[in-house]
Novice: 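Following this message is one structure expressed as structure tokens.
Here is the naming used below: chain letters follow the sequence lines, and residue numbers restart at 1 for every chain.
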There are 4 protein chains.
Amino acid sequence: MDSDVMSNGDDAAVGGIAADRLRSIIERVERLEEERKALAGDIKDIFSEAKSAGFDVKVIRQIIRIRKQEPAEVEEQETLLDIYRRALGM
Amino acid sequence: MDSDVMSNGDDAAVGGIAADRLRSIIERVERLEEERKALAGDIKDIFSEAKSAGFDVKVIRQIIRIRKQEPAEVEEQETLLDIYRRALGM
Amino acid sequence: MDSDVMSNGDDAAVGGIAADRLRSIIERVERLEEERKALAGDIKDIFSEAKSAGFDVKVIRQIIRIRKQEPAEVEEQETLLDIYRRALGM
Amino acid sequence: MDSDVMSNGDDAAVGGIAADRLRSIIERVERLEEERKALAGDIKDIFSEAKSAGFDVKVIRQIIRIRKQEPAEVEEQETLLDIYRRALGM
DNA sequence: AACGGCGACACGTCAC
DNA sequence: GTGACGTGTCGCCGTT
């Protein structure tokens, strides 16, 4: 029978191929995740260095966050914050 | 044209209402967060007690975590079965 | 000699007590965590309400965070941020 | 006055050095984060491919998660054993 | 008393 | 638009 995937002679082959495919996918992802983890470690090291040099790591993170955003976004948030503060009399 | 929210005479009223609404929201949340914090303190106390009684707090946390996860694991097993079947070409 | 905890006749009793004690600890913590979870749900509801009323939930969170801090803290962070920004020519 | 960091003649130099240092830190972190992001994109691509091949991405993630956790579970078991033994008064 | 590790919370993203 | 998921950040605790 030529039914979709489950016909006799091809079962093993197709199944085997699928299993290999699955294994390949998983292993590639795991490899990439290891690299990601390594990079995370590198970043951590840099922040340690920064701290040793007397910088405030939390503020550095803020800077990086701000640099990542659209200036308009930042402005928007600050404006709303002001409005709410005024509304509360703060 | 009386655009959406900021037209003259209603500013104060609308603003006032909005301010009250905002204040209410914030205060209710702050109240609930205090209660949450109090509960966190209670939990902490129990763990202190446990520690004093010679138990390993970290392991108790593990147990609690596991007891919480067990229902989820059931369906996880089901899906995993499916997976392995796929990997086998079934 | 009656060594610390392991002497014969008391083993069961002591063990039983310890087990009860452990069970009690775990159940009390689980109970408190349920209450915490319930409160978290309440908070979530309030934010949903806030959103429906047209407020920006993220900014409301900022407000709450600021109200929770020492004014000096806020000032400190902002000052450092300014310094770093200047140092970077931002 | 030879106060800590801000004395006259060195201000520019020290400030300049610190600014360079800060800039270096930030740029290196940003670079690494880009690499991380690129890897995340690669992983995403693989999952897209997997999905196109008919796999259930969510379940693949479960498998990867489990493969990652298994070593951890070993020591978890050990500690749990200890726990249960304690619960039994041993 | 600062440091690192751990756990909880909040945010952004993505699929539905 | 909503809900779930993964990721990043913050605070707490134990340690040195």
Novice: Below 4.0 angstrom, which residues in residues 50-66 of chain D have at least one non-hydrogen atom near DNA chain F?
Specialist: Lys58(D), Arg61(D), Arg65(D)
Novice: Is there a path of hydrophobic side-chain contacts, each under 4.5 Å between heavy atoms of I/L/V/M/F/W/Y residues, joining Leu88(B) to Ile60(D)?
Specialist: no
Novice: Nearest whole Å is fine: how far is dG6(F) C1' from Leu32(A) CG?
Specialist: 16 Å
Novice: Are Val74(A) and Val74(C) joined in one hydrophobic group, where the rule is that I, L, V, M, F, W and Y side chains link up if heavy atoms are under 4.5 Å apart?
Specialist: no
Novice: Quick one: Ile43(D) CD1 to dC5(F) P, roughly how many Å, whole number?
Specialist: 18 Å
Novice: Given atom NZ of Lys37(B) and atom P of dC10(F), what is their separation to the nearest angstrom?
Specialist: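 After rounding, the gap between these two atoms is 18 Å.
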Novice: In whole Å, I'd like the distance from the CD atom of Glu33(D) to the P atom of dT9(F).
Specialist: 7 Å
Novice: For the pair made of CG in Leu39(B) and P in dC9(E), what is the distance, rounded to whole Å?
Specialist: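 Nearest whole value for this atom pair: 11 Å.
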Novice: If hydrophobic clusters are built by linking Ile, Leu, Val, Met, Phe, Trp and Tyr wherever their side-chain heavy atoms come under 4.5 Å apart, do Tyr84(B) and Phe55(D) end up in the same one?
Specialist: yes
Novice: Can you hop from Ile17(D) to Leu22(D) via hydrophobic side chains spaced under 4.5 Å?
Specialist: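 Ile17(D) and Leu22(D): separate clusters.
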Novice: Does some side-chain heavy atom of Lys68(A) sit less than 4.5 Å from a side-chain heavy atom of Glu73(A)?
Specialist: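 No, side chains not in contact.
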Novice: With side-chain contact (heavy atoms from CB on, under 4.5 Å) as the test, would you mind laying out the steps for Ile25(B) and Arg21(B) before giving the verdict?
Specialist: CA-CA 6 Å; Ile25(B) 287 163; Arg21(B) 192 77 188 275; 4.3 Å; yes
Novice: Whole-Å distance between dG12(E) C1' and Gln69(A) CD?
Specialist: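 From Gln69(A) CD to dG12(E) C1': 12 Å.
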Novice: Atom NZ of Lys68(C) and atom P of dG11(F): how far apart are they, to the nearest Å?
Specialist: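 About 9 Å, once rounded to whole Å.
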Novice: Pick base, sugar-phosphate or nothing for Lys44(A), based on heavy-atom distances below 4.0 Å to the nucleic acid.
Specialist: sugar-phosphate
